Each structure stands twice: as structure tokens, then as C-alpha cells.
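Take a look at the structure set out below.
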Amino acid sequence: MFLLVQISDLHIRPRGLPVNRISETNTLTERAIDVIRLLEPKPQAVLVTGDITDSGTEREYERARILLDRLNLPYFLIPGNHDRRRAMQAAFADLDWMPKEGPIRFAVEVGDRRLICLDTLVEGEGGGRVGEEQLAWLDAELARHGERPTIIALHPPPIRTGIVHMDKIALADANAFVAVVARHAQIERILCGHLHRPITASI
């Protein structure tokens with residue numbers, strides 16, 4: 001059995017500070033972690049698809065690290081539009097999969113699957129972009145492991161949702177991304193965050 005847990009858009013804040021004065025995101029994250037810890041059978045890993053923090057500050061990443069370490073499971077993170085790359089890399093620098101510099105992109109083996117995580121962060125912008133260099137890297141990774149069932153993770157989904165304010169901050173190069181993944185039949189899922197609601201689509 002393969003079990004991967006996805007959570008997303010944690011928007012961790014310094015303790016006691018809500019996001020937009022609406023919800024205590026730290027408490028909600030703690031509750032989600034408590035549920036994951038009770039799962040039987042245990043998942044192979046947990047994937048967090050972006051917006052780990054709300055403002056990308058060092059204090060927020062320190063808090064996020066404390067919370068995520070409570071999982072007692074392997075976990076993998078990608079940045080969302082609220083994250084900041086250097087602070088995120090510094091907070092999780094000791095984890096094997098975290099790049100020391102540059103884009104936070106990597107490929108790891110999880111059970112009998114391959115997980116490819118992409119960095120779409122354009123700091124200061126609400127949307128995201130994979131970029132030509134990363135698309136070429138993705139294409140090469142997929143070609144190199146063509147027989148291995150694969151999951152791809154990125155923050156903004158490569159689809160239009162009809163949610164007007166979210167479609168305005170979507171994945172800028174979605175068509176180019178779709179053109180790459182369409183060439184590789186081993187892809188089982190593309191997991192995204194950003195929308196704050198469950199949506200399933202085919203591309």
C-alpha cells in the first residue's frame with residue numbers, strides 16, 4: 001500500500017497572531033498534525049504544497065519547523081507565493097532533500113513512487129511560474145525514470161478554476177508545463193495548493 005498525505009497553505013504565523021484576523025492557523029495546523037499522527041497504517045510521507053508561512057519570516061519558519069517535526073514522519077515542502085526561499089532553506093537546511101541554494105526543487109523516492117517537487121515562487125508576486133530552465137529539468141527527470149510511477153507537486157495549479165481572484169494569480173506558464181507532462185505517461189497525480197479548497201481536474 002502507498003499512502004502519501006498532502007496538506008497545504010498552513011500560513012504559519014508567530015504564536016498568537018491570526019492570518020487576516022480570521023483564523024488561528026497555527027492551531028489548525030496542530031490539529032491536522034495530530035490527525036496525521038494517529039493514522040493507521042502510517043503514511044510513507046507528508047507533502048506540504050506551499051505557503052508554509054504567511055509572511056516568510058524567520059520566526060514563522062522556526063514555528064513551522066517545530067510543528068512539522070512533531071509528525072515523526074518524513075516530510076517534504078515546496079514554496080508557495082507567501083514563502084521566502086532563503087529563509088525556508090535556512091530553517092530546513094539539515095534535511096537531505098532541501099537544496100542549499102537556488103530553486104527549492106528536488107526529486108525523491110517515496111515507497112515505490114517518485115515524487116518530483118517544483119519551485120514556482122516568484123517573490124513579491126501572487127502567482128507563480130515554473131520557468132524554462134526548471135521545465136527542462138522536469139522533462140529530463142521524467143525521461144530518466146520513465147517506468148517509475150510519479151507524482152508531481154507544485155503550488156499553483158496548472159488549470160483555470162473559474163474562481164476569478166485566484167485565476168488572476170495562477171501559474172503563468174501553465175500551458176508550457178502541461179506540454180511537458182503530456183509527454184510522460186508515468187505521471188499518476190499532480191498535487192497543488194494555493195486555492196484553499198479541494199478541486200480535482202484532468203489535464
Side-chain angles (χ1 to χ4, degrees), residues 4-37 45-95 97-106 117-131 134 153-159 161 163-172 174 190-199:
L4 174 70
V5 171
Q6 179 196 8
I7 55 177
S8 194
D9 295 79
L10 310 182
H11 289 275
I12 296 297
R13 297 278 280 144
R15 183 185 289 273
L17 295 182
V19 175
N20 297 327
R21 301 180 183 176
I22 294 173
S23 62
E24 177 45 70
T25 49
N26 293 12
T27 298
L28 297 176
T29 299
E30 289 172 0
R31 290 176 182 172
I33 289 170
D34 287 342
V35 170
I36 295 168
R37 285 164 54 92
V46 176
L47 169 67
V48 191
T49 46
D51 284 357
I52 315 304
T53 66
D54 195 53
S55 301
T57 67
E58 182 178 330
R59 285 181 64 201
E60 289 173 343
Y61 284 112
E62 288 173 356
R63 186 64 188 154
R65 180 69 195 258
I66 291 169
L67 292 174
L68 290 168
D69 281 351
R70 288 187 57 238
L71 286 165
N72 291 325
L73 289 166
Y75 62 82
F76 307 103
L77 315 175
I78 57 173
N81 53 294
H82 280 256
D83 289 305
R84 292 297 175 264
R85 197 173 283 114
R86 291 183 65 183
M88 184 171 167
Q89 287 171 323
F92 298 93
D94 60 307
L95 301 183
W97 48 265
M98 176 60 79
K100 305 307 179 191
E101 58 185 17
I104 301 177
R105 68 169 187 222
F106 53 92
C117 293
L118 301 177
D119 183 339
T120 60
L121 174 59
V122 182
E123 294 198 11
E125 296 187 14
R129 180 182 297 275
V130 182
Q134 191 170 206
L154 67 162
H155 184 63
I159 58 169
T161 65
I163 305 168
V164 175
H165 68 283
M166 296 305 295
D167 286 343
K168 289 180 179 178
I169 53 171
L171 186 68
I190 299 169
L191 302 178
C192 307
H194 197 45
L195 298 178
H196 293 211
R197 67 207 77 200
I199 293 179

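Owing to the predicted nature of the structure, the values given are computational and were not obtained by experimental measurement.
- For R197, the CZ atom sits in a packed shell: over 12 heavy atoms of surrounding residues, nucleotides or ligands are nearer than 6.0 Å.
- N81 approaches G127 most closely through the heavy-atom pair CB-O, 4.2 Å.
- Between the side chain of D9 and the backbone N or O of H194, at least one donor-acceptor pair lies under 3.5 Å.
- Taking CG of L171 as the reference point, atom CZ of R129 lies at 8.5 Å (rounded to 0.5 Å).
- Across Q89 and M98, no two heavy atoms sit closer than the pair CG-SD, 3.8 Å.
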Quiz item: Do I163 and I199 pass the side-chain contact (heavy atoms from CB on, under 4.5 Å) test, and can you show the C-alpha distance, the side-chain angles, and the key distance before you say yes or no?
Solution: CA-CA 11 Å; I163 305 168; I199 293 179; 4.1 Å; yes

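- Within a 6.0 Å radius of NZ in K168, other residues, nucleotides and ligands contribute 12 heavy atoms or fewer.
- Counting heavy-atom neighbours within 6.0 Å of R86 CZ, excluding the residue itself, gives a total of 12 or less.
- Remark: the S8 side chain and the D51 side chain contain no N/O donor-acceptor pair separated by less than 3.5 Å.
- If you take CD on E30 and CD1 on I66, they are separated by 10.0 Å, rounding to the nearest 0.5 Å.
- The shortest heavy-atom contact between P79 and I104 is CD-CB, 3.9 Å.
- Residues A170 and P156 come closest through the heavy atom pair C-CB, 4.3 Å.
- The nearest pair of heavy atoms linking L77 to M88 is CB-CE, 3.6 Å.
- Looking at heavy atoms from C-beta onward, S55 lies in side-chain contact with R13 at the 4.5 angstrom threshold.
- In this structure, the side chain of D83 engages the main chain of I52 through a donor-acceptor pair within 3.5 Å.
- Side chains of E24 and L28 form no contact here, defined as non-hydrogen atoms less than 4.5 Å apart.
- Note on E58 versus R84: no salt bridge recorded, every NZ/NE/NH1/NH2 to OD/OE distance being 4.0 Å or above.
- Note that CD1 of I12 is 4.5 Å distant from CG of N26, once rounded to the nearest 0.5 Å.
- Between the side chain of E125 and the main chain of I169, no donor-acceptor pair closer than 3.5 Å is present.
- With rounding to the nearest 0.5 angstrom, the CG atom of L68 is 8.0 Å from the OG1 atom of T29.
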side-chain contact (heavy atoms from CB on, under 4.5 Å) between R70 and D34: does it pass, once the steps are laid out? CA-CA 9 Å; R70 288 187 57 238; D34 287 342; 2.7 Å; yes

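- Residues P14 and E60 meet the side-chain proximity criterion, which asks for heavy atoms closer than 4.5 Å.
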- Message: Evaluate R65 against D94 for side-chain contact (heavy atoms from CB on, under 4.5 Å), listing each step before the verdict.
- Response: CA-CA 11 Å; R65 180 69 195 258; D94 60 307; 2.7 Å; yes

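- Looking at heavy atoms from C-beta onward, H11 lies in side-chain contact with H196 at the 4.5 angstrom threshold.
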Quiz item: Stepwise, does the side-chain contact (heavy atoms from CB on, under 4.5 Å) test hold for I36 with I7?
Solution: CA-CA 10 Å; I36 295 168; I7 55 177; 4.0 Å; yes

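- In terms of the ring-ring contact (aromatic ring centres under 6.0 Å, His included) criterion, residue partners of F76 (sequence neighbours excluded) are, by chain and number, W97.
- From D119, atom CG reaches atom NE2 of H155 across 11.0 Å, with rounding to the nearest 0.5 Å.
- Here the closest heavy-atom approach between residue A87 and residue G56 is recorded as CB-O, 3.7 Å.
- Counting heavy atoms from C-beta on, the side chains of D54 and T25 never come closer than 4.5 Å.
- Checked options L154, T49, T120, L118; the residue passing with C192 is L154 (criterion: side chain to side chain contact (heavy atoms under 4.5 Å, CB included)).
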